[in-house]
Participant: 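Before we start, here is the structure in question, set down as structure tokens.
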Amino acid sequence: MGLIGEVLLLPFAPVRGSAWAIRQVLREAERIYYDPATVRAELARLEEQLQAGEITEEEFDRREDELLDRLESGMRSGRTTGEET
């Protein structure tokens, strides 16, 4: 884009900068959400809740399925960090 185009679009610079920042935050949130280590930690907490009697077996099964689906989805789409152990 030429100099004239840049000058004309200058008033929109804050909007473009905000959109970039929002995309970065969203990308990082998705990376954390689908991170295998995060999902495994949530599975461990879920099992602790079951053992402590804080949740029912049905609730455990439902939430476990959701977490495993999330893990599989992240692995399939390549949204993981690659820091698996």
Participant: Rounded to the nearest 0.5 Å, how far apart are CD of Glu54 and CD of Glu59?
Facilitator: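 Result: 11.5 Å between the selected atoms.
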
Participant: Using a 3.5 Å distance criterion without hydrogens, assess whether the side chain of Ser18 forms a donor-acceptor pair with backbone atoms of Pro14.
Facilitator: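 Looks like yes, one N/O pair under 3.5 Å.
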
Participant: Taking only residues two or more places apart in sequence or in another chain, which ones pass side chain to side chain donor-acceptor pair (under 3.5 Å) with Glu72?
Facilitator: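 Listed in chain order: Arg76.
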
Participant: Name all residues meeting the side chain to side chain donor-acceptor pair (under 3.5 Å) criterion together with Glu47; count only those two or more places apart in sequence or in a different chain, and write none if there are none.
Facilitator: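 So Glu47 forms no side chain to side chain donor-acceptor pair (under 3.5 Å) with any residue.
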
Participant: Report the distance from atom CZ of Arg27 to atom CZ of Arg31, rounding to the nearest 0.5 Å.
Facilitator: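 Between atom CZ of Arg27 and atom CZ of Arg31 there are 12.0 Å.
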
Participant: For Glu48, what residues pass the side chain to side chain donor-acceptor pair (under 3.5 Å) criterion, not counting sequence neighbours?
Facilitator: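 Side chain to side chain donor-acceptor pair (under 3.5 Å) list for Glu48, sorted by chain: empty.
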
Participant: Please name the pair of heavy atoms, one in Val39 and one in Leu67, separated by the smallest distance, quoted to 0.1 Å.
Facilitator: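 Where Val39 meets Leu67 most closely, the heavy atoms are CG1-O, 3.5 Å.
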
Participant: Do you know which two heavy atoms are closest between Arg70 and Tyr34, and how far apart they sit?
Facilitator: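 Nearest pair, atom of Arg70 first, then Tyr34: O-CD2, 3.4 Å.
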
Participant: Between atom CD of Gln24 and atom CG of Leu26, what is the distance when rounded to the nearest 0.5 Å?
Facilitator: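 One finds 9.5 Å between CD of Gln24 and CG of Leu26.
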
Participant: Glu66: what forms a side chain to side chain donor-acceptor pair (under 3.5 Å) with it, not counting sequence neighbours?
Facilitator: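 Residues passing side chain to side chain donor-acceptor pair (under 3.5 Å) with Glu66: Arg62.
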
Participant: Of all residues at least two apart in sequence or in a different chain, which pass the side chain to side chain contact (heavy atoms under 4.5 Å, CB included) check with Leu68?
Facilitator: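 Leu43, Glu64.
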
Participant: List for me each residue that meets side chain to side chain contact (heavy atoms under 4.5 Å, CB included) alongside Leu50, sequence neighbours excluded, and say none if there are none.
Facilitator: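 Counting only residues at least two positions away or on another chain, Leu50 forms a side chain to side chain contact (heavy atoms under 4.5 Å, CB included) with Ile55, Glu57, Phe60.
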
